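Just below is one structure, and these are the notes that go with it.
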There are 2 protein chains.
Amino acid sequence: MNDPSDRAVESQAAHASHHKILEVAEMLFARRGFSGVGVREVAETAGLSKSSLFHHFRNKVELYEAVLARVLARIEDRLSPTLSDDERCRERLDRWIDALIDALAEHPTTARLLLRALFEDDDRPSEPSAAGKDLQATLGRIIEGLTGILAAGVEQGVFRAVSSAHTVQTVIGATVYHFASGDFGAELCGGSLVARDAVRQRKREVKALFHHGLAAVPAGAGAGGAT
Amino acid sequence: MNDPSDRAVESQAAHASHHKILEVAEMLFARRGFSGVGVREVAETAGLSKSSLFHHFRNKVELYEAVLARVLARIEDRLSPTLSDDERCRERLDRWIDALIDALAEHPTTARLLLRALFEDDDRPSEPSAAGKDLQATLGRIIEGLTGILAAGVEQGVFRAVSSAHTVQTVIGATVYHFASGDFGAELCGGSLVARDAVRQRKREVKALFHHGLAAVPAGAGAGGAT
DNA sequence: GTCTATATCACGATAGAC
DNA sequence: GTCTATCGTGATATAGAC
């Protein structure tokens, strides 16, 4: 009973509702955004009453931030193993993209949640809560990883002299936006975006585009600029 | 007085509040989404009472759809001139990207509004209102234009054999997402995304990436795949 | 930890005077 | 076309019994 692992199991069991709530809230917030979801709906979908939920999370924004923190942590766990320096930049970029797309495809709500959070972030400029700071820090680390890969590639001359920041933006657009585009993207691409084949094709298309798009040109060999 | 142009002026004056409401609503909906904005806030920011707003727009969703319709129309006006067939695909793509970025940068609320609309679209699957159908049709035409350019380029062999649909997604990500990323993107890129120089750099970066990324490889000349 | 009951408030929308 | 006043509902959050 005083074994630490018992404590962990106990605590896990005690927080079973906790996890259920987070799961449900993640789905709902991704679908309808922060203000589009009521805590009552979250609670009852998770199988509790509203008041019980307020026992687990002090208020709605705390719940929201907990959801975001879990999602960002999941992504960081996927991404950090790809940051080992002992590889060439092109391969590191490929692995980073693969890992991010895997993370986004595995939990289909993630992409939308992230973009929504990005949008709703600078609505409330006043609230630098501790959890909020933590979220920003995690996000910063994730972005730093990609920026590092790109900057190194440029410095080593294996990538063109692109702006790392702008390329980061484009990578995010190519990955997060794609998996957040929902019905629109599904209709455009002709089927579910998270089906196994669709995910594999997305990886191929994105990696190929950046492969060709970032590759340093051998000098004097512009891509078709033969005017 | 019975001159037709007088009628136009009269009607314009009569609908002055109309335009003001649309302007305010566009800003607020872009910032906080459909459910994050109350009609009271829209009305009072526009300088009227809530009831007066309901005289101009029957209900909240009608107002929302009017905002979206105006935004999409603005974009289509910018984009359709770039669809003339008498140019090579690479130039057509460049002009399309330039026009879209111009539209997004000129009205900074547009990008966010569009992405939000995309997300909130498949929340309510039940409501095929006339205005909603119209929005979808406009969006469809816009996307069709880009798809046409890409497909033609692939068919003519000036682009690699990419998936048009996936490339459309990536272009949207590189443009709409970028200008929707707000404070996050601004911090990443080191300044306002809609400043003149920032817009010009974004155009250059995006066009260069797709220029190199889509260019057909001369056969046997993989982009650095010299393993 | 979970519940019922309640407080308080803002929401979308309408009625009707001017 | 604009307003005040109001209706009905659902929101977040709390109090307190079990």
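Because the structure is predicted, anything quoted here is derived from the model rather than measured. Residue numbers start from 1 in every chain, and the chains themselves are labelled A, B, ... in the order their sequence lines are given, proteins ahead of strands.
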| task | Verify the contact: side-chain N or O of H56(B) to OP1 or OP2 of dT2(D), cut-off strictly under 4.0 Å; return yes or no. | result | yes
| Charged N-O contact under 4.0 Å between R74(A) and E106(A) | no
| query | How is V37(B) classified with respect to the nucleic acid when contacts are heavy atoms under 4.0 Å: base, sugar-phosphate, or nothing? | reply | sugar-phosphate
| field | Residues touching DNA chain C, which here means a heavy atom under 4.0 Å, drawn from residues 44-51 of chain B | value | K50(B), S51(B)
| field | Whole-Å distance separating the CZ atom of R40(B) from the P atom of dT6(D) | value | 16 Å
| request: Scan R95(B), R196(B), R200(B), K203(B) and name whichever one has a salt bridge (charged side-chain N to carboxylate O under 4.0 Å, His left out) with D102(B). | output: K203(B)
| message | Any salt bridge linking E120(A) with R31(B)? Criterion: basic side-chain nitrogen under 4.0 Å from a carboxylate oxygen. | response | no
| said: Nearest whole Å is fine: how far is dG12(C) C1' from N59(B) CG? | reply: 9 Å
| message | From CD of E62(B) over to P of dA13(C), roughly how many Å is that when rounded to an integer? | response | 10 Å
| query | Over how many whole Å does the gap from F54(A) atom CZ to dA13(D) atom P extend? | reply | 5 Å
| request: Could you tell me the separation between the NE2 atom of H55(A) and the C1' atom of dA13(D), rounded to a whole number of Å? | output: 15 Å
| field | Gap between atoms NZ and C1', on K60(A) and dG10(D) respectively (whole Å) | value | 12 Å
| task | Scan E23(A), H19(A), E26(A) and name whichever one has a side chain to side chain donor-acceptor pair (under 3.5 Å) with R70(A). | result | E26(A)
Extract all donor-acceptor atom pairs below 3.5 Å that involve side chains of residues 176-191 of chain B and protein atoms in other chains or at least two apart in sequence.
| residue | atom | partner | partner atom | Å |
| --- | --- | --- | --- | --- |
| Y177(B) | OH | Q169(A) | OE1 | 3.0 |
| H178(B) | ND1 | Q169(A) | NE2 | 3.1 |
| S181(B) | OG | Q169(A) | NE2 | 2.9 |
| S181(B) | OG | H178(B) | O | 2.7 |

| request: Figure out the CZ/P separation between F57(A) and dT12(D), and round it to whole Å. | output: 15 Å
| task | Using ring-ring contact (aromatic ring centres under 6.0 Å, His included) as the criterion, list what pairs up with F57(A), not counting sequence neighbours. | result | H18(A)
| remark: Between OH of Y64(A) and P of dT12(D) the distance, given in whole Å, is 14 Å
